[in-house]
Amino acid sequence: MTTLPPPAVKYFPEDSIEKKCYTFAESLKQYVPVPNDRNRLAFNIYRYVKGEGDIPEVIVKNTKIKIEGISSTELAKMIEEEVIKIKS
């Protein structure tokens, strides 16, 4: 019995909105230590940038991520500042 190789990974271009959102979420490693929480946060940030998601205060509360070393309001403020950079 043989196993087929996994499909190739297609990465986002460096200048795409998706890449910027996921890179920002990954930079929050010290505040959001769980990798899956960062992925969930990045997806919700991406939805917010696209105009489909909730505001950062709601994102931080509703995604139920584990936060260490920072308050949820400070994290929401950091997200809001980064979203402004991503949109420009």
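Heavy atoms only, all atoms of each residue included: Tyr48 and Val83 are closest at CE2-CG1, 3.6 Å. Closest approach of Thr63 and Val60 over heavy atoms only: OG1-O, 3.7 Å. The minimum heavy-atom distance linking Lys19 with Pro13 is given by the pair CB-O, 3.3 Å. For the pair Met78 and Ile70, the tightest heavy-atom approach, listed with the atom from each and the gap, is SD-CD1, 3.5 Å. Minimum heavy-atom separation, Ala25 to Ala42: CB-CB, 3.5 Å. Between Lys20 and Asp15, the shortest heavy-atom contact is CE-O, 3.7 Å.
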Full working for side chain to side chain contact (heavy atoms under 4.5 Å, CB included) between Asn62 and Asn44: CA-CA 10 Å; Asn62 288 348; Asn44 282 285; over 6 Å; no
Trace of the side chain to side chain contact (heavy atoms under 4.5 Å, CB included) decision for Tyr22 with Ile45: CA-CA 9 Å; Tyr22 279 86; Ile45 292 170; over 6 Å; no
Stepwise side chain to side chain contact (heavy atoms under 4.5 Å, CB included) test for Glu81 and Lys77: CA-CA 6 Å; Glu81 290 171 358; Lys77 185 176 179 180; 3.5 Å; yes
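At most 12 non-hydrogen atoms from other residues, nucleotides or ligands lie less than 6.0 angstrom from NZ of Lys85.
No continuous path of hydrophobic side-chain contacts links Val34 to Ile59 [ILVMFWY only; heavy atoms under 4.5 Å]. Hydrophobic clustering (side-chain heavy atoms under 4.5 Å, transitive across Ile, Leu, Val, Met, Phe, Trp, Tyr) groups Tyr46 together with Ile55.
Between atom CG of residue Asn36 and atom CZ of residue Arg38 there is a gap of 9.0 Å, rounded to the nearest 0.5 Å. Note that OH of Tyr31 and OG of Ser71 are 10.5 Å apart. Values are rounded to the nearest 0.5 Å. Going from atom CD1 of Ile86 over to atom CZ of Phe24 covers 7.0 Å, rounded to the nearest 0.5 Å. The distance from atom CG of Leu41 to atom CD1 of Ile79, rounded to the nearest 0.5 Å, is 4.5 Å.
Annotation: cation-pi geometry not satisfied between Lys50 and Phe43 (NZ/CZ under 6.0 angstrom from ring centroid, within 45° of ring axis).
A side-chain donor-acceptor contact under 3.5 Å links Asp37 to the backbone of Lys66. Between the side chain of Arg40 and the backbone N or O of Ile65, no donor-acceptor pair lies under 3.5 Å.
Side-chain contact between Phe12 and Ile17 is absent, with no heavy atoms from C-beta onward closer than 4.5 Å.
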